[in-house]
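What follows is one structure encoded as structure tokens, with my remarks underneath.
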Amino acid sequence: MQEIGILGAGLIGASWATFFAAQGLKVRIFDVDDTVKQQAWEQSVRNLQRLADLELLTREDAATAEGKLKVAASLAELLTDIEYVQESVIEDYAIKADVYRQFEQHAPERAILASSSSGLLMTRMQAVMQHPERALIAHPFNPPHLIPLVELVPGEQTAVETMETVKAFFLGLGKHPVVLNKEVPGHIANRLAAAVWRESLALLDAGVASVEDIDAALCQGPGLRWALMGQHLIYELGGGAGGYQKFIDTIGASFEAYWEDMECWSSIPESAKQKAVSGTQDYLNQKSPGEWAAWRDEKLARIQQILHEEP
Ligand SMILES: NC(=O)C1=CN([C@@H]2O[C@H](COP(=O)(O)OP(=O)(O)OC[C@H]3O[C@@H](n4cnc5c(N)ncnc54)[C@H](O)[C@@H]3O)[C@@H](O)[C@H]2O)C=CC1
Ligand SMILES: O=C(O)[C@@H](O)C(=O)[C@H](O)[C@@H](O)CO
């Protein structure tokens, strides 16, 4: 696949445009909002220059990639003869269903439709399609031009061939696809993030520590290891010579006491919302959101450089 359609060019769509262009693919950008799609083009150009600043792209490759970016004047222009579309419209079933109906009016019959959806079920979204077999979830982590994970989730009508094609496509582009055998709300990564986020809120709500200390306890501790390993490998190593079984039989028992004490909220208490929003203001006294995002991207780039040095 040499040309990509970006359908929905907000925060994630613009980053996807950067990623695909940086990989040497032609990219057509479309959004219902003309201002947004132009801003997405401009943001992608800035992102490419940033990747060159971070030495993740040569200046020459960044310039070449910029030439790959094109704003589509209409949905028809986006979709004519396209092979692969990354959909990143608003996370709403009704909006996505309407987009999928329009998609099928213009796109070739075999064009693949990959949704960035954070947690909607593809089975429900593809139900409106004449050719649902070519639709799947390809969920990134923000920003996709810097974070390698992409979660591939089939709906009940997604063809095995579609999953295999998209997995090979992303592997060839240097992404790290993980394949879900069945769809669950939030896929994998957002469910893991949701578990950690809920406890981060619960600790704050209970007055155990401040926003900054709760965040520091995560990113200055387990978070560092999470850039390298997941919990299963971490605890295999945590069991020493006895491995994972030793860890489960000894330290694992302590976790059962933690779980007994931890909240099992299915909604966020108002008190927790208020403490989280007010506590996060301290960060904004240090940097603006844009400065935090630039700081994040530079650190993410340097972590990637280290991770790419070794197998
Ligand atoms: N924001 C994040 O951190 C992440 C978001 N996602 C997913 O990506 C998708 C987009 O999220 P964001 O980029 O954050 O949202 P966003 O609000 O920044 O962008 C959504 C864009 O969709 C456009 N849009 C709405 N209806 C449209 C239509 N009919 N045709 C074309 N464009 C249309 C809007 O104009 C808007 O620019 C969602 O499904 C979200 O779950 C996935 C990973 C991370
Ligand atoms: O955290 C991310 O970048 C992604 O996993 C997301 O999907 C967004 O954070 C947000 O949509 C949470 O679901």
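First listed ligand is number 1; within each ligand, the first listed atom is number 1. Excluded from the calculations below are hydrogen atoms, water molecules and symmetry mates; all remaining heavy atoms, backbone and side chain alike, are included.
For K175 and W16, the positive end sits near the middle of the six-membered ring, less than 6.0 Å away and at most 45° from its axis. Both tests do not hold together for K96 against F103: distance to the six-membered ring centre under 6.0 Å, angle to the ring axis within 45°.
In this structure, the separation between CG on L192 and NE2 on H187 is 12.5 Å, given to the nearest 0.5 Å. Residue I234 holds its CD1 atom at 4.5 Å from CZ of R225, rounded to the nearest 0.5 Å.
With distances taken over non-hydrogen atoms, the option nearest atom 7 (C) of ligand 1 out of S116, S115, A138 is S116. Of the listed residues (I12, L78, D31, D33), the one carrying the non-hydrogen atom nearest atom 35 (O) of ligand 1 is D31.
Not one N or O of L7 is nearer than 3.5 Å to an N or O of ligand 1, by distance alone. Considering both main-chain and side-chain atoms, Q102 never comes within under 3.5 Å of ligand 1 through any nitrogen or oxygen pair. Between V36 and ligand 1, no N or O atom pair is found at a separation short of 3.5 Å. Not a single N or O atom of H139, backbone or side chain, sits closer than 3.5 Å to an N or O atom of ligand 1.
Remark: distances from the non-hydrogen atoms of K96 to ligand 1 include one below 4.0 Å.
The parts of L11 lying near ligand 1 are both backbone and side chain, judged by heavy-atom distances below 4.0 Å.
Near I95, meaning under 4.0 Å from one of its heavy atoms, ligand 1 places the atoms 26 (N). Close approach of ligand 1 to N142 is summarised as follows: ligand atoms under 4.0 Å from at least one heavy atom of the residue are 3 (O). Applying the 4.0 Å criterion to heavy atoms of S118 picks out, from ligand 1, the atoms 5 (C), 6 (N), 7 (C), 40 (C), 41 (O), 42 (C), 43 (C). Less than 4.0 angstrom separates some heavy atom of G10 from each of these atoms of ligand 1: 13 (O), 18 (O), 19 (O), 37 (O). Near G8, the atoms of ligand 1 lying under 4.0 angstrom from a non-hydrogen atom of the residue are 32 (N).
In this structure, W295 and W292 have perpendicular ring planes: the angle between them is above 60°, well past the 30° mark.
Of all non-hydrogen atoms in M129 and P132, the two that sit nearest each other are O-CD, 3.6 Å.
Within the 4.5 Å cutoff, side-chain heavy atoms of R134 are placed close to those of H131. When side chains are defined from C-beta on, Y235 does not count as touching I248, because their heavy atoms never get closer than 4.5 Å.
Other residues, nucleotides and ligands contribute over 12 non-hydrogen atoms within 6.0 Å of the CZ atom of R296.
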